[in-house]
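Basis for what follows: all heavy atoms, side chains included, without hydrogens, waters or symmetry-related copies. Keep in mind the model is a prediction, meaning the values are calculated, not measured.
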Amino acid sequence: MLRLLAFCTCLVRLLGAAFSTLRLSRYKEFIKQVRRTIRQTMQYVADYWIMYKSHRLDCGDTLSSLPQEGGEEGGMRYLLNRLQVEFDQFVLRATRWILTAHKLGA
């Protein structure tokens, strides 16, 4: 889950860089497409987070306990609280980029 958040954060940051590069009015439609892509990425991550969190809670984990052995591949085990904070930060960053696009008139 943390890898997904890291990748999508980089993707959103890369797509958001287009807003500062393409400020001209002739790129308005392209900016709208980039904004939609960021929104869809955020929705995908949110859906995945809901499924992941419910799976972990169904397996008997709590918000402040590490997952049980064998539940995570590659030995990467994180607290749900930490993942929740990372998800919240991702949503804030993506929302900031979407609002930046809105300010540009897209």
Tell me, with the steps shown, if T100 and R35 meet side-chain contact (heavy atoms from CB on, under 4.5 Å). CA-CA 9 Å; T100 300; R35 185 183 69 186; over 6 Å; no
Do the side chains of [Y] and [X] get nearer than 4.5 Å, heavy atoms only?
X: R56; Y: L83; value: yes
X: V85; Y: N81; value: no
X: Q89; Y: R93; value: yes
X: V12; Y: M42; value: no
X: V34; Y: W97; value: no

Heavy-atom closest pair, residues [X] and [Y]:
X: A94; Y: I38; result: O-CG2, 4.0 Å
X: A18; Y: I31; result: O-CD1, 3.9 Å
X: E86; Y: L5; result: CB-CD1, 3.7 Å

R13 and side chain to side chain contact (heavy atoms under 4.5 Å, CB included): which single residue from L11, L15, T9 fits?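 So the option named by the test is T9.
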Report yes or no: do [X] and [Y] belong to one cluster of Ile/Leu/Val/Met/Phe/Trp/Tyr joined by side chain heavy-atom distances under 4.5 Å?
X: M51; Y: F90; value: yes
X: L4; Y: V91; value: yes
X: L92; Y: L99; value: no

Nearest-0.5 Å distance, CG of residue D58 to OG of residue S54: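 Separation between the atoms: 5.5 Å.
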Residue pairs involving residues 21-44 (criterion ring-ring contact (aromatic ring centres under 6.0 Å, His included); sequence neighbours excluded):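 For residues 21-44: none.
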Partners meeting side chain to side chain contact (heavy atoms under 4.5 Å, CB included) with Q84 (sequence neighbours left out):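 Q84 satisfies side chain to side chain contact (heavy atoms under 4.5 Å, CB included) with W49, K53, F87, D88 once adjacent residues are dropped.
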